[in-house]
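Chain letters run A, B, ... following the sequence lines, proteins first and then strands; every chain starts at 1. This is a predicted model, so every value here is computed, not measured.
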Amino acid sequence: MRYIPHTEADVRRMLDVIGVESVEALFEDVPRGLRLGRPLEVPAAASEHEVLRELGALAARNVHAESHAWFLGAGTYAHFVPSAIDALASRAEFYTSYTPYQPEISQGTLQTIFEWQTMICALTGLEVANASMYDGASATAEAALMAMRVTRRSKVVVAGLHPHYRDVVRTYLGGAGATIEHASYGPDGRTRDLASHVDDATACVVLQSPAFLGPVEDVRAAAEAAHARGAMLVVSVAEALSLGLLRAPGELGADVVCGEAQSFGIPMGFGGPHLGFLAAREKHLRQLPGRLCGETVDAHGKRGFVLTLSTREQHIRRERATSNICTNQGLMLLRATIFLALHGAHGLTALARQNVAKAAYLRSRVAATPGLSLPFSAPVFHELVVKLAPGDTAERALARALDAGIVGGLDLAPYAPELGPALLVCATEIATRESIDRLVSALGGAAS
Amino acid sequence: MRYIPHTEADVRRMLDVIGVESVEALFEDVPRGLRLGRPLEVPAAASEHEVLRELGALAARNVHAESHAWFLGAGTYAHFVPSAIDALASRAEFYTSYTPYQPEISQGTLQTIFEWQTMICALTGLEVANASMYDGASATAEAALMAMRVTRRSKVVVAGLHPHYRDVVRTYLGGAGATIEHASYGPDGRTRDLASHVDDATACVVLQSPAFLGPVEDVRAAAEAAHARGAMLVVSVAEALSLGLLRAPGELGADVVCGEAQSFGIPMGFGGPHLGFLAAREKHLRQLPGRLCGETVDAHGKRGFVLTLSTREQHIRRERATSNICTNQGLMLLRATIFLALHGAHGLTALARQNVAKAAYLRSRVAATPGLSLPFSAPVFHELVVKLAPGDTAERALARALDAGIVGGLDLAPYAPELGPALLVCATEIATRESIDRLVSALGGAAS
Amino acid sequence: MSARDPRANVAAVGNAATHVAYEEPLLFERSRPGRIGYSLPALDVPAADPAALLGADALRAACDGLPELSEVDVVRHFTRISTWNYAVDLGLYPLGSCTMKYNPKLNEVAARLPGFAQSHPLQPTALSQGLLQLLHELERHLAEISGMDAVSLQPAAGAQGELAGVMMIRAYHESRGEKRRKVLVPDSAHGTNPASAALNGYEIVSVPSGDDGLLHPDAVAAAMSPEVACLMLTNPSTLGLFETHIAEIAKIVHAGGGLVYGDGANLNALLGIARPGDLGIDVMHFNLHKTFSTPHGGGGPGAGPVGVKGILEPFLPAPVVRRATTPEGERYFLDDERPLSIGRLHGNLGNVGMLVRAYAYVRSLGPDGLRRCAEMAVLNANYLLARLRGAYAVPYDRRVMHECVLSDAKLADAHVTTMDVAKRLIDYGYHPPTIYFPLIVPGALMIEPTESESLEGLDRFVEALLAIAREAEEDPSIVRGAPHATRLSRLDETRAARKPVLRYAPAAAEAERSRPTPRGASR
Amino acid sequence: MSARDPRANVAAVGNAATHVAYEEPLLFERSRPGRIGYSLPALDVPAADPAALLGADALRAACDGLPELSEVDVVRHFTRISTWNYAVDLGLYPLGSCTMKYNPKLNEVAARLPGFAQSHPLQPTALSQGLLQLLHELERHLAEISGMDAVSLQPAAGAQGELAGVMMIRAYHESRGEKRRKVLVPDSAHGTNPASAALNGYEIVSVPSGDDGLLHPDAVAAAMSPEVACLMLTNPSTLGLFETHIAEIAKIVHAGGGLVYGDGANLNALLGIARPGDLGIDVMHFNLHKTFSTPHGGGGPGAGPVGVKGILEPFLPAPVVRRATTPEGERYFLDDERPLSIGRLHGNLGNVGMLVRAYAYVRSLGPDGLRRCAEMAVLNANYLLARLRGAYAVPYDRRVMHECVLSDAKLADAHVTTMDVAKRLIDYGYHPPTIYFPLIVPGALMIEPTESESLEGLDRFVEALLAIAREAEEDPSIVRGAPHATRLSRLDETRAARKPVLRYAPAAAEAERSRPTPRGASR
Ligand SMILES: Cc1ncc(COP(=O)(O)O)c(C=O)c1O
Ligand SMILES: Cc1ncc(COP(=O)(O)O)c(C=O)c1O
């Protein structure tokens, strides 16, 4: 086996040094009766070329953003990934290293984390950010848990949340005895009557903006509603790119900002690995989950970076840790940091503006197409709900789009059946005008 | 422009330091009348994503070895390339560095060259090898020129040579006043009557083995024929993988062995970049073209490597250099060295044997198929001539294969019209039995 | 070189040297206004005015605080800082419990195929049959390898797998109307075990290891009660020992109505030899980034699938991948109708890119290769132990599995600590082992070579450790002052924690650097 | 650090440090019998007996002399030795005449698209329309950029382009029944120029540069004769100077019936500013690995297309790519019916992978970006010259184009040479410039920053060179002993040439290393 260097002569010499007869003897502590005693029933080893052929065949049986024009978002977004990102993230020094426990030999990873933390603080308008969470959903759940620890309250009000995020929050909070209340959306698509859900038992409001169905929420009003009853405001951003254009939630009153940064140079990858982020105010630092990198000096006074404040973490604090997270999403953090470094102060905003323009064009085309309609008037970032003609179904509309070489959006039936036949459609910078036109005419095609 | 870091403020400061008013002023030495005075008429700059889309569309308009079953060889071979090769050759330290003129900061490249030279010596059975030539064709031409310098003779006899190699030899030798004589093949496909072409003016015999049409030539006999008249024997190996199985030509009497090592981990790439190699006997070292890497020590006696014997080369010897070559095929040499390191003493032979087995199977299937025939009886490595049914044409046969998802071989009409409708068909280790069966039935399909 | 030259022994071992390296500031310090590292297509739709659409108040003008850099700057920045990292591709990376085995390049190619990397988790399942099939087959392979009945690939890392596992245990008890409040955790356990149980609202009861380092049935029996939901154990343990009493222990827990959670971090030692499911374990996680060769990425992403016995299957995270035989052939779909499920743990189906790599690995190894991993990993660990036994203390000296745990006890007289040995190893060209874990071994040096290391590679590593032990006697200050060969000398971790600087602030950075720093402030 | 510590100034410049590096033997020294780094599919056809097929005498049993290694060994070997290299991605690489500009990552992705990388040069042209179109368009772009009428992409590097160019000149004269025997080459020319001409059987006549470093019409006129086939000139010259008399010189050569060959190695300085074709040049080569950003790969592959004026078009290497308008649209094909062609230079169509990269580069830059390259490259070179003029001698001190040539004349008193300065730059974290070329400048330091370098990057490099000039005065032995920061100190090139060891031989290697080596034997 080409991954294992041992020759039979090596094995012999090593056994001699150890002083046993056979490799088998090394397993003497495994009671005979507990041994497997037969070969594993997995397929026989294949050569490298065979494995690649087999995987190539499996890969070919999925549509993807290079095979089709792409309008499906809903938390996972098709953006262009600059080539420099994969080139750099493919450096073995980055991808074959461990969590940087030994700082003197891990400064590459550590400096990257420090840069990421700085950029996430800048984007969220907050003061401390961690070194990543698994994904936007679990970051949101961890944010809610953090708010519960800070406030010592147990009710969580969620609004605008991606249904999968909602599920994950429910799963994570199950062990903590939380109650979860959902605020619903009003006629313009934005969360309504948020204040009516917040009471003195409320640990936090968790508001997703842009909301699952597209609308950009009123963060300032949500902060007022939460703070009025001593609750915290958690803003969950499932599309981190929106932070390139929208005012930093921290400036608008959010206490914690968390979310998903897949849009920053990470391929959609059938949903993972993505990149959860979480930022908060300095005063809540000791309650922050996840790893943190801090600046320090070496024995000669030279600047360097280390993992720090690990007394919050499981490997020191064990059952009293702020989270159980250990391995996180380091390499995705690297990708996102490179992405942000490439785009910078102006590029991120310019890119976000292109997304807004594409969605605005889509919206205008939908508005002008007989049969299609826009149920919500609230402003959006790059994603919006399109109602289909009465009598049409999302399935049929998507099939028409597919015939035109387009993956046309998300069938909202399982998520928002109250809307009738409707799609959640996302237009990013990779959508060309021509493909938007084709999409809209395919979706409106039931009318003809 | 993202590749150019200058801001306008930078430019201003730099102009101030230089003491000129404008960038334009820096070009004052270019006479006004000679300046272009208009923008270049090349397309306007495209964004990274647009460039990749455009190139993706162009790439999609070529068949390739992943889109089709592949039986076309003729000097460029479809072999599997282990994934480790591209991973390593993509390290910026290798691919963004220059020729290793400064050894203290280039030991990675230099050690690789030294390893390559060692392995090529082992494979060819010779004593010195250089650090690459452009490709197999120019390596063959340079070998002939070298033989002319060594022998001070001017006639070159070529046999079994790939027609493109033959052309390149003719082109290269044009300036040296050489005469070139072609030995032809006999009824079994191998070169015949070689000795009859060799005379006292003959600098060398250049024999390709395996020959263009497939047969493995009798190197020992060729050496005798050449040496009998004081000529040298140059063996050109257009399929370096054959050296994994065939006896080293140096052991059989070749004085120079050159050829093409594309099969060692280098993608076909529409014909380039590939990798020419050239090895010779130590006594001819001073006449060797190309770069050489040698072992030495540093000021503390530690082993290290440097480019050496550059008094043969253009940058020192100028018009009396052994060759004009400067930039060569460094990164391809790296790929081939990795390939050989992975396959090693036994893997290369095992791989070569698989190629022989596939070709033998192909041969047996052709022999058993009505309408198809095998014009030559000589043993082959992995490539052979298939005669089509009388009345059939190569074009039609290839079209039938293409319909079956197969690129079926080379139409020999432009190269060996004397054979009638015939194909040169190559079966490497990537050819599956099933695809060979399909190919043969498609080629034989005219009969049905 | 003088005897005091910290490079003397290092050169003798022949593994390390020093070479020119490149300083590199922070991205923010490299930034210059107006520099550009991106390109956007020309806008082919009417420009929208975000202020008009979204309200000026909702917007920012630019992302102040982000740097401005050219592509060249960015490429050089990350290339340069990458060279400050150690990596598996550079050599032995003996972090115990982390299984830093070779990460095959083939896997990286596979995961980047556009049909995997560019596909969307919510595209209709009819359009993702290849991926769903891969996931389904990987589940089956993991189930076979572990002896479990069903597997969910959702958890993003081992700790999330633990969380899922304990949640299923909780759901199981609740489904039977039982409210158990406690979880037993051996004192040698990894920190994620108690943390995951605590996240589930459980109280942790620590179970002491025996004098031989093993978990003993009587200790478990003593801690067992009807309050106990489960025992979380790690086998082989974090001491690298096979828990020989596991069958009896499982019996005790089961008899008390509890379940047994298996931390699968050390599964590498058992591949093809024994299966957790056959040892009495009811639920376990896998760390695909350990056992199944997916890269660690400098701290993730990993993948932590969770496997269960049949009794827990109804509680698996939703959705699950299912196969159906239809008239058109095998079809794969996602089943979300799981009333007893603990729910979702991940926004999508998990870290799929890592799952693709693990699948490629299983296919590359086959049954013989997998078993060979375990055998050679165990051989390597025992060989290291045999060669190091003389020079370093071995707190629990017996046959080990995939790793061995040493300590600094013999170096105490020289006032050389495990930390010093670890840092000195860097000078010799190695990443240090895991240190000060497990907590039950004071000054632990936990060494896991994995099967990727060759005999001569191990020998060189042994020579380095032996040289350090000699240095500790002869010239301990060289060891205490290590590392000497790195761009930065030992970093002051105390200072970092006392006065946290967690992001770049231009002024602060200036002040920080001009402030005189006490030498030797670090431990 | 003491004043004598060779790292003192280095630290002050803030560009370099030392860090732990990894020793690594030769592949052959790592080899162990029985180790395996490859995998083959199971054979699905009957096993053939090569001895029966080919004759036992024709075969070898195994490839003795090749190493036996695992994939892990191989990956680590090359990863480790790669870290001993300097690279553009690590920083400024100021090799004059080499144009070590940034190599965009986009180009690497493009060249690896399977439709390019996996296609075959002899597949029917109907099945390669995308590639042929790309080649055709690149030819047109290069023709426009250079002011030439036609371009062949076949030559694999600049020197092969030169060869092709001079061959066409020869063919041209021969087609006119003229047998000219001489080629004029300025004394500042690159070695490939005379070598390429000599390969064509020409006698070389060296033309001296003027005191101002320029080529003067009278010098050319003096050398001109009916024997002269062509003048080969480089503009900007290897001194980095624009040949201001080029139009007049071309006129003289043309009047004498000769042609003008243009070495395009320095085209970067002229992009969008002036075109060789408009300066009187009849045939030229491009170095795509210089001007057009394709990577140098540690010594290639490059690509050296050759461009010609109409009079030489019939002689272009065959085949040429042609476009035809057919009823089905544009079609591309290969034209091999070129009776006057010099013939083939390459086994196929050239280094296509490099051509794809260059195409991507032209598309990424457009007309403005190309011109900006020239402008910023020239700005950078002049800035360096302005800042270094005080400390280093400037043999030809005038406005420069893309590079500037300094010398060690001012350091002679300190017995510090260009070689020493070059080696000391390594300690400061830089690759040295081109040294001792052009030959007409004794102790030349030829510095080409390219447009990829930022102002602050240049400033740091200047600081390093100024610090070295100071060191040369104050502590010259530090400079003479450089490099100090590298794994290997200065290498003994003389020894390598005197007693060539060009391949590994186990016994020799042993003997070699145990032999005592005289210190300071290197120059
Ligand atoms: C024994 C043990 N359990 C659990 C974990 C947690 O796994 P992960 O880091 O994948 O969350 C680790 C990882 O370090 C471990 O070593
Ligand atoms: C001025 C000049 N001419 C010609 C060449 C030869 O080009 P190549 O190395 O591509 O063969 C070079 C390259 O070093 C050069 O600098």
Side-chain angles (χ1 to χ4, degrees), chain A residues 1-14 43-54 56 59-60 66-67 80-97 102-108 111 265 267 298 300-304 335 338-339 341-342, chain D residues 1 5 7-8 11-12 14 17-22 30-44 67-83 87-90 102-115 118 293 295 357 360-361 364:
Chain A
M1 212 294 136
R2 65 194 187 282
Y3 303 156
I4 304 179
H6 299 71
T7 66
E8 285 319 305
D10 292 341
V11 171
R12 258 299 16 110
R13 274 181 52 199
M14 294 170 78
S47 70
E48 182 172 356
H49 195 194
E50 288 167 309
V51 172
L52 281 173
R53 275 183 167 164
E54 177 181 328
E66 287 176 9
S67 68
F80 176 66
V81 178
S83 311
I85 294 177
D86 209 52
L88 293 167
S90 295
R91 286 191 58 83
E93 290 88 336
F94 285 130
Y95 85 91
T96 77
S97 58
Q102 294 288 343
E104 296 83 3
I105 200 81
S106 311
Q107 285 295 305
Q111 183 163 325
D298 78 352
H300 301 114
K302 243 175 120 174
R303 177 175 69 185
R335 294 184 73 103
I338 299 168
F339 183 94
L342 288 169
Chain D
M1 289 174 184
D5 187 320
R7 281 165 298 181
T18 54
H19 190 54
V20 62
Y22 306 96
R30 254 192 186 267
S31 172
R32 292 293 177 280
R35 221 162 259 173
I36 276 177
Y38 68 96
S39 59
L40 289 176
L43 194 63
D44 62 355
E68 294 175 64
L69 301 160
S70 72
E71 182 172 321
V72 193
D73 296 327
V74 174
V75 166
R76 286 190 178 157
H77 176 82
F78 288 100
T79 305
R80 286 165 80 111
I81 71 175
S82 78
T83 65
V88 169
D89 280 7
L90 288 169
Y102 172 62
N103 309 133
K105 305 307 158 197
L106 150 62
N107 302 358
E108 298 303 308
V109 174
R112 284 171 173 79
L113 291 169
Q118 312 294 342
S293 85
R357 289 171 173 86
Y361 186 67
S364 298

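- The contact between Ala87(A) and chain D is made entirely by side chain atoms (from C-beta outward), counting heavy-atom distances below 4.5 Å.
- Neither the backbone nor the side chain of Val74(D) comes within contact range of chain A; no heavy atom of the residue lies under 4.5 Å from a heavy atom of that chain.
- Taken to the nearest 0.5 Å, the NE2 atom of His19(D) stands 10.0 Å off from the CD atom of Glu104(A).
- Residue Glu8(A) does not touch chain D at all, counting heavy-atom pairs closer than 4.5 Å.
- A distance of 14.5 Å separates CD1 of Ile36(D) from NE2 of His6(A), quoted to the nearest 0.5 Å.
- What you find for Ile105(A) and Tyr22(D) is that their closest heavy atoms are CD1-OH, 3.8 Å.
- Contact annotation for Pro33(D): only backbone heavy atoms (N, CA, C, O) come within less than 4.5 Å of a heavy atom of chain A.
- Only the side chain of Asp10(A) comes within contact range of chain D, with at least one heavy atom under 4.5 Å from a heavy atom of that chain.
- Heavy atoms closer than 4.5 Å to chain D are found in both the backbone and the side chain of Glu48(A).
- At a 4.5 Å heavy-atom cutoff, Ala110(D) makes no contact with chain A through either its backbone or its side chain.
- Distance NE2/His49(A) to OG/Ser39(D): 10.0 Å, rounded to 0.5 Å.
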Fill in: Residues Arg2(A), Leu69(D); criterion side-chain contact (heavy atoms from CB on, under 4.5 Å); working and verdict
CA-CA 8 Å; Arg2(A) 65 194 187 282; Leu69(D) 301 160; over 6 Å; no

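- Heavy-atom distances place the side chain of Val109(D), and not its backbone, under 4.5 Å from chain A.
- Counting heavy-atom pairs closer than 4.5 Å to chain A, the top residue among Pro104(D), Gly37(D), Pro41(D) is Pro41(D).
- The distance from atom NZ of Lys105(D) to atom CG of Leu88(A), rounded to the nearest 0.5 Å, is 7.0 Å.
- With a 4.5 angstrom heavy-atom cutoff, Leu106(D) touches chain A via backbone and side-chain atoms both.
- A distance of 12.5 Å separates CD of Glu108(D) from CG of Asp86(A), quoted to the nearest 0.5 Å.
- Nearest heavy atoms, Thr7(A) versus Arg35(D): CG2-N, 3.8 Å.
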